[in-house]
Amino acid sequence: MKVFVAEIEVMPRKEILDPQGKAIALGLANLGLEGVQEVRMGKHIQLQLQATDEAEAVQKTEAACRQLLVNAIMEDFTFQLHPQQG
Amino acid sequence: MKFAVLVFPGSNCDDDLVYVLREIMGQSVVKIWHKDHDLQGAEVVMVPGGFAYGDYLRAGAIARFSPIMREVAAHAQRGGYVWGICNGFQILTEAGLLEGALLRNLSRQYICKNIYLRTLSTQTLLTRQLDSSKAYCIPMAHGEGRYYAPMNILKKLQDQDQILFQYCEADGSVSEAANLNGSLLNIAGICNPARNVFGMMPHPERAADEMLGNTDGRLFFESLLGTLLEKV
């Protein structure tokens with residue numbers, strides 16, 4: 001068994017309005033920071049998981065995303081896997 | 001009529017439902033902890049409002065894995081009635097028992113106020129005795145109630161008459177101004193294709209006791225019970 005770390009990005013789907021992002025954009029504008037055209041906010045989820053190889057780690061991460069971490073109606077996800085260091 | 005009111009860690013409208021069903025409607029009610037495996041013969045399962053599991057990850061996302069939810073899905077599959085209110089609606093969509101999702105309100109605000117609802121479909125047990133020409137005054141209290149579904153599902157909801165309630169003005173007209181949370185098609189409540197699972201964001205149980213000055217919500221319970229009793 002090897003240990004992998006999955007770095008998962010969950011973002012609201014493009015066609016869905018993101019009120020949190022809008023609120024943050026407003027905050028940035030209030031700061032006087034110019035040129036921020038759009039803010040969208042999502043989540044970063046980190047999993048540490050055991051798997052025999054990378055293919056199995058991919059499979060487990062996808063299962064976690066599809067079955068719990070992500071609601072496909074409102075969110076998209078991407079992830080990167082790497083072997084745990086040390 | 002026997003009701004089960006589910007209780008998750010973070011539910012906070014469970015006792016309101018028990019009070020209305022038992023004290024006002026005179027029904028038999030059991031409270032069922034989410035770790036239980038038995039609905040105790042209840043005919044209607046109520047999924048109450050609140051913040052199950054603190055709304056962690058997404059509202060309703062973790063609650064759907066509670067042991068009792070397996071029984072709720074089986075109950076629904078057998079044609080048993082399930083009614084989710086507010087967080088209960090969110091849990092039922094996350095559990096796949098109802099279509100679509102409830103997103104953060106467009107205004108970014110938690111909205112707690114009396115609003116008006118119109119009944120779009122009277123073809124369910126919950127709505128059969130409601131008047132589709134009337135606007136019912138019902139409290140809403142949520143931060144994530146913006147109903148969303150992809151276009152193909154929205155069309156299906158319309159084609160199959162699954163939209164039960166829409167946010168409206170006091171005169172019953174459907175307007176953008178009345179759509180406080182930004183729901184698609186002003187949707188406040190829907191049912192499943194088999195018409196035995198209901199979900200709605202507003203809280204009829206908070207408007208069922210005369211002492212509170214508004215009993216429009218009681219009509220929803222009377223509709224459900226009246227039609228249930230008729231069936232027996």
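So that the names make sense, note that chain A is the first sequence line, chain B the second, and so on, each numbered from 1.
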Could you tell me whether the side chain of A:Lys43 and the main chain of B:Leu57 form a donor-acceptor pair under 3.5 Å?
yes
With the side chain counted from C-beta on, respond yes when B:Tyr148 and A:Arg13 share a heavy-atom pair under 4.5 Å apart, and no when they do not.
no
Can you confirm whether more than 12 heavy atoms, excluding those of B:Tyr56, are under 6.0 Å from its OH atom?
no
Do you know the tightest heavy-atom contact between A:Met74 and B:Leu103?
SD-CD2, 3.3 Å
Does B:Tyr116, at its OH atom, have more than 12 non-hydrogen atoms belonging to other residues, nucleotides or ligands within less than 6.0 Å?
no
Atom group of B:Leu102 that falls short of 4.5 Å from chain A, counting heavy atoms
backbone
Neighbour count above 12 (heavy atom, 6.0 Å) for A:Met1 CE
yes
Stepwise side-chain contact (heavy atoms from CB on, under 4.5 Å) check, A:Gln20 with B:Arg108:
CA-CA 7 Å; A:Gln20 284 191 106; B:Arg108 306 188 288 268; over 6 Å; no
Check whether more than 12 heavy atoms from other residues, nucleotides or ligands sit under 6.0 Å from atom CD of B:Gln77, and answer yes or no.
no
Go through it in stages, so that I can follow the logic: the residues are B:Arg146 and A:Ile16, the test is side-chain contact (heavy atoms from CB on, under 4.5 Å), and I'd like the CA-CA distance, side-chain angles, deciding distance and then a yes or no.
CA-CA 11 Å; B:Arg146 173 168 50 119; A:Ile16 289 182; 4.3 Å; yes
Tightest non-hydrogen contact, residues B:Gly100 and A:Ile73, listed as O-CD1, 3.5 Å
Any non-hydrogen side-chain atom of A:Val10 less than 4.5 Å from a side-chain atom of B:Arg58?
no
Less than 4.5 Å to any heavy atom of chain A: does that hold for the side chain of B:Leu106, its backbone, both, or neither?
both
A:Glu15, CD atom: more than 12 neighbouring heavy atoms under 6.0 Å:
yes
I'd like to know whether NZ of A:Lys22 has more than 12 heavy-atom contacts from other residues, nucleotides or ligands below 6.0 angstrom.
no
Does NZ in B:Lys156 sit with more than 12 non-hydrogen atoms of other residues, nucleotides or ligands closer than 6.0 Å?
yes
Check: B:Arg64 side chain, A:Leu68 main-chain N or O, donor-acceptor pair, under 3.5 Å:
no
